[in-house]
Amino acid sequence: MTGDFFAPGSSGMAAPTRKKYIGLTIALGLVTFLAASIFGYYVGFVGDTKTQESRTKSEQDVEDKLDQEEEPFTGTIDYDRSEPENWTVVLDRTLTAAEQKQLSAINPYTSGGMREARAFLTSLGGRTLRFPTTLESNPMAFNNVGTDSTAFTMNLFSKRNTQLSIVGMKAADISCREPSAKSVFVFPSQGEASYAGILYDLTQPDFAPLITDPGKDQARPYFSRKRMDLGGGESPGGFRIEAVTRGKTCTWDIKARYRDANQQTGEVTLKDGKKPFVAEAAPAHPQQLWYVDMSAPTGQNWVPCHEKPENIPCREWLKEHASGTEGQ
C-alpha cells in the first residue's frame, strides 16, 4: 500500500522493479517541486522588481512635481551702510546758523576729521550717498558725471533639489522723483575703488548691467560673461549690486530670468522684501551746498557754494549735476 501512495499502480510490480519505479517517481516529484518553486520565486522576483521600479518612478515623478512647485529662488538684501572713503551726505533741511558754525569748525585736514564731519551730519538726520565705482577697463561704459550710487548685497536662495541658472537680471518698474534733500555736503572723490559685482545705470532705459569686478571682463555686460547657479545643493549666491542715478531718487525692481534643469525658462521679480529697491540722489539745485575744497586754506575748507557759486569746485559740481538731469 505504501508503494501505491508514492507511486500509484506499483503494488502489482515485482519488488526490484517496484523499488526503482517508486524511487524514480519520488525523484521526479522532487525535481518538479523544486522547478515549480524556483519558477514561482523568479516570477515573484520579477514582479516585485517591476512593481518596485514602477513605485520608484511614481515616487520620483511626485518628488519632481513637488520640486517644480517650489519657488525657484528668493532674495534678501542688505544695504551697504559702511563708511566710504569719500562721500556725499544729503539732509532734508538746511543747517541753522549754529550748525553751520559747528560744521565749519571741523578741520578735514586732521586725522579723523572727515569721519567726525560725517558723524555730525548723520546725527542731524543726514544720509550717505556713494560715488560710483570706477570702471578702469572701460570708463566710457556709462556716463557717471553727476551721479550718485547706492549699493547693497543680495543673497539668493533656492530650495529646489534640481539646479537652475539665472541667465539675466534686468532693472524694471523704475520710478523716479525729485529728491527730498534740501542740503548737500560733498567730500569729493578722486575715483572710487572697484568692487566685484553688478552695476545698474537707472538713468538709461534697457541698460544691460555691467561687471564691476577688476580684470579683463570689467565693464562688459554681466550676463554675456557670467551666470548664477542655484539649487541642487549649490551654496546660496551672494553678490554686490550697485545702482547709479542722477539728480532723481528712484525706486526699482529686478526681473531675474532663469533656466531650470528641464530647460524651462521663467522669471522672478526681486525686491527688498515687499518693497522696491531705493537709489537716492542729491538734488541738482540744493538750497545749501557745502563742498570740501582741500586746496583752500586751513579753516576755509568747507565752502558754502550757495553763497559762493563762483568758486571753481562749486561751479563744476553744479554744472555736472544740472547737465546730468537734462532730458530725464
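Every value quoted in this text rests on a predicted model; they were computed, and no experiment measured them.
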Legend entry - Parallel, tilted or perpendicular, as decided by the 30° and 60° cut-offs, for the rings of Phe73 and Tyr258: perpendicular
For residues 168-181, which side-chain N or O atoms pair as donor and acceptor with protein atoms under 3.5 Å away, sequence neighbours left out?
unit_1	atom_1	unit_2	atom_2	d
Lys170	NZ	Asp206	OD1	3.2
Ser180	OG	Asp92	OD1	3.0

Mind checking ring pair (Phe, Tyr, Trp, His ring centres under 6.0 Å) for [X] and listing every partner two or more places apart, or none if nothing turns up?
X	value
Tyr222	none
Phe187	Trp87
Phe152	Tyr79, Phe277

Can you list, pair by pair, the side-chain donor-acceptor contacts under 3.5 Å of residues 299-313, counting residues two or more places apart and other chains?
unit_1	atom_1	unit_2	atom_2	d
Asn301	ND2	Asp293	O	3.0
Asn301	ND2	Ala296	O	3.2
Trp302	NE1	Ile106	O	3.0
His306	ND1	Leu289	N	3.1
His306	ND1	Leu289	O	3.3
Asn311	OD1	Cys314	N	3.3

Inset, instruction - Scan residues 72-132 for pairs that pass disulfide bond (SG atoms under 2.5 Å apart), counting only residues two or more places apart or in two chains. - result: none
Legend entry - side-chain contact (heavy atoms from CB on, under 4.5 Å) partners of Ala151, counting only residues at least two apart: Asp80, Arg130, Arg240
Legend entry - Partners passing side-chain contact (heavy atoms from CB on, under 4.5 Å) against Thr265 (at least two apart in sequence or in another chain): Arg259
Legend entry - Short side-chain donor-acceptor distance under 3.5 Å, Glu280 and Thr249: no
Inset, instruction - Establish, from distance only, whether the side-chain atoms of Thr94 and Lys182 form a donor-acceptor pair under 3.5 Å. - result: no
Inset, instruction - Kindly state each residue pair satisfying side chain to side chain donor-acceptor pair (under 3.5 Å) with at least one member in residues 97-106, sequence neighbours excluded. - result: Arg93-Glu99, Thr96-Glu99
Inset, instruction - Not counting sequence neighbours, list each pair that qualifies as a side chain to side chain donor-acceptor pair (under 3.5 Å) and has a residue in residues 110-120. - result: Glu83-Arg115, Arg118-Thr128
Inset, instruction - Applying side-chain hydrogen bond (donor to acceptor under 3.5 Å, both in side chains), name anything that partners Glu316, two or more places apart in sequence or on another chain. - result: none
Legend entry - Contacts of Arg227 that satisfy salt bridge (Lys or Arg N to Asp or Glu O under 4.0 Å) - sequence neighbours left out: Asp229
